[in-house]
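Below: the structure, in structure tokens.
So that the names make sense, note that chain A is the first sequence line, chain B the second, and so on, each numbered from 1.
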Amino acid sequence: MEWPLHHAHPWDLPEDQARAVQQHLRHYVRAEPLAWQQVRWVGGVDVSVRGDQLRAGIVVYDCAQGRVVDRAAAEGPEPIPYKPGFLSFREIPRILDALPRLHRRPEVLLVDGHGIAHPRHMGIAAHLGVLLDWPTVGVAKSPLVGHFARPLKPERGDAVPVLWRGQTLGMAVRTRTDVKPVWVSIGHRVTLPDAVALVLRCSRYRLPEPIRAAHRWAAQWGVFDVPDGEDETADERG
DNA sequence: GCGACAG
DNA sequence: ATCTTGTCGC
């Protein structure tokens, strides 16, 4: 399955050039409505680390059936060490390796990490979205920049704007009562309210099901194929 | 200058 | 991210 790249660029860049790439790409982010009520196939993207190796795991979660219907993975050496603000340069290359191995095209991708809630508005979800020109949402487990507009209520469903330098960059969302919130921000081609609604719709626990599944799948080293009999034949018979 | 800092 | 047992609570 093809995933054409837009605004492609090198990945092995010194920090100042990586920063320049981010400053450039931020201008291509678009906020568009996404009919989240009608979305059926939601992608989950995550990367796991083992020693000096990275493994990207991508799943396609069928909201109608409530299960994973496709998955793909890719492994490779650690490109650069982790540096706050430059996560995408470390993880996206492996994600791009895994994507073409999918059989099913997700309508939107939920990415483990921030979208535009980033010092230069170029968190991993925004970066991936612009490269693919495909809808993406960032779902992070901890903040990178910004502060709450008001305290967050303990009940599932509450959400507060995350403000930074006079702008709303995302929302802290309580996906489960009495559990630490997640930080949701747009990646590309979605609006913030739609992103929050979608995240809530596919969350049973703290993290959305597609990301939970991608997390488990990314940690399953050495396997790259789809789960047996889960997708190919059904896809061909449409 | 100092502290903070997704995964 | 990863290294890791038990433990508290629904």
Side-chain angles (χ1 to χ4, degrees), chain A residues 11 15-16 18-19 21-22 25-26 29 43-59 73-98 109-131 136-148 154-156 162-165 167-188 192 195-196 199 204-208 210-222:
Chain A
W11 294 100
E15 189 173 317
D16 57 332
R19 184 178 281 98
V21 167
Q22 294 176 329
L25 293 181
R26 64 180 294 179
V29 171
V45 181
D46 192 24
V47 172
S48 75
V49 181
R50 194 178 69 174
D52 59 355
Q53 294 281 304
L54 291 190
R55 172 178 165 106
I58 306 177
V59 307
E75 299 172 9
E78 176 179 68
I80 55 171
Y82 168 70
K83 185 82 168 51
F86 300 92
L87 180 66
S88 58
F89 287 85
R90 175 178 164 85
E91 300 193 340
I92 286 187
R94 294 290 77 78
I95 294 172
L96 295 181
D97 288 343
L109 298 170
L110 300 187
V111 184
D112 191 328
H114 291 286
I116 65 168
H118 176 279
R120 292 167 293 282
H121 291 197
M122 259 299 130
I124 186 168
H127 199 154
L128 183 63
V130 167
L131 285 184
T136 57
V137 173
V139 182
K141 298 181 290 297
S142 62
L144 179 56
V145 294
H147 60 275
F148 288 13
E155 291 78 27
R156 172 192 154 91
V162 172
L163 309 175
W164 193 67
R165 297 186 177 181
Q167 285 194 91
T168 294
L169 291 192
M171 298 282 279
V173 181
R174 192 83 74 178
T175 49
R176 190 171 190 191
T177 298
D178 290 334
V179 170
K180 182 179 175 183
V182 294
W183 280 255
V184 176
S185 57
I186 72 165
H188 187 49
L192 185 53
V196 170
V199 165
R204 297 183 58 186
Y205 302 99
R206 184 184 181 218
L207 292 173
I211 288 184
R212 280 168 37 95
H215 193 354
R216 291 191 295 267
W217 173 229
Q220 204 166 314
W221 292 76

*Nearest whole angstrom, please: distance from the C1' of B:dC5 to the CD of A:Gln22.*
14 Å
*With sugar-phosphate meaning primed atoms plus P, OP1 and OP2, does A:Pro119 contact a base, only sugar-phosphate, or nothing at under 4.0 Å between heavy atoms?*
nothing
*Ion pair A:Arg19/A:Asp16, N-O distance below 4.0 Å*: no
*asked:* I want to verify a distance call: between B:dG7, C:dT2, B:dA6, whose nearest atom is closest to the A:His215 side chain?
replied: C:dT2
_Derivation and outcome, side-chain contact (heavy atoms from CB on, under 4.5 Å), residues A:Val130 and A:Met122_ = CA-CA 9 Å; A:Val130 167; A:Met122 259 299 130; 4.0 Å; yes
*Tell me whether the OP1 or OP2 atom of C:dA1 has a side-chain N or O from A:Lys141 closer than 4.0 Å.*
yes
*For A:Ile186 and B:dA6, what is the distance between atoms CD1 and P respectively, to the nearest whole Å?*
21 Å
*Give one of base, sugar-phosphate or nothing for A:Ile124, where a contact means two heavy atoms less than 4.0 Å apart.*
base
*To the nearest Å, how far apart are A:Arg212 CZ and B:dG7 P?*
16 Å
_Ring centroids of A:Trp183 and B:dA6 base under 5.5 Å with planes under 30°_ = no
*What is the distance, rounded to the nearest whole Å, between atom OH of A:Tyr82 and atom C1' of C:dA1?*
9 Å
*asked:* Are there over 12 heavy-atom neighbours, none belonging to A:Arg204, within less than 6.0 Å of that residue's CZ?
replied: no
*Is the phosphate of B:dG7, meaning OP1 or OP2, less than 4.0 Å from a side-chain N or O of A:Ser142?*
yes
_What's A:Gly85 touching, base or sugar-phosphate or nothing? Going by heavy atoms closer than 4.0 Å._
base
*asked:* Please report the distance, rounded to the nearest Å, between CD1 in A:Ile80 and P in C:dA1.
replied: 17 Å
*Measure from CH2 on A:Trp164 to C1' on B:dA4 and round the result to the nearest Å.*
12 Å
*Expressed in angstrom and rounded to an integer, what is the separation of A:Arg156 atom CZ from C:dC10 atom P?*
20 Å
*At under 4.0 Å between heavy atoms, what does A:Phe86 touch on the DNA or RNA strands: base, sugar-phosphate, or nothing?*
base
_Cationic N near anionic O, under 4.0 Å, A:Glu155 to A:Arg174_ = no
*Can you tell me the distance, in whole Å, between the NZ atom of A:Lys180 and the P atom of B:dA6?*
10 Å
*Is a salt bridge present between A:Arg216 and A:Asp46, judged by a nitrogen-to-oxygen distance below 4.0 Å?*
no
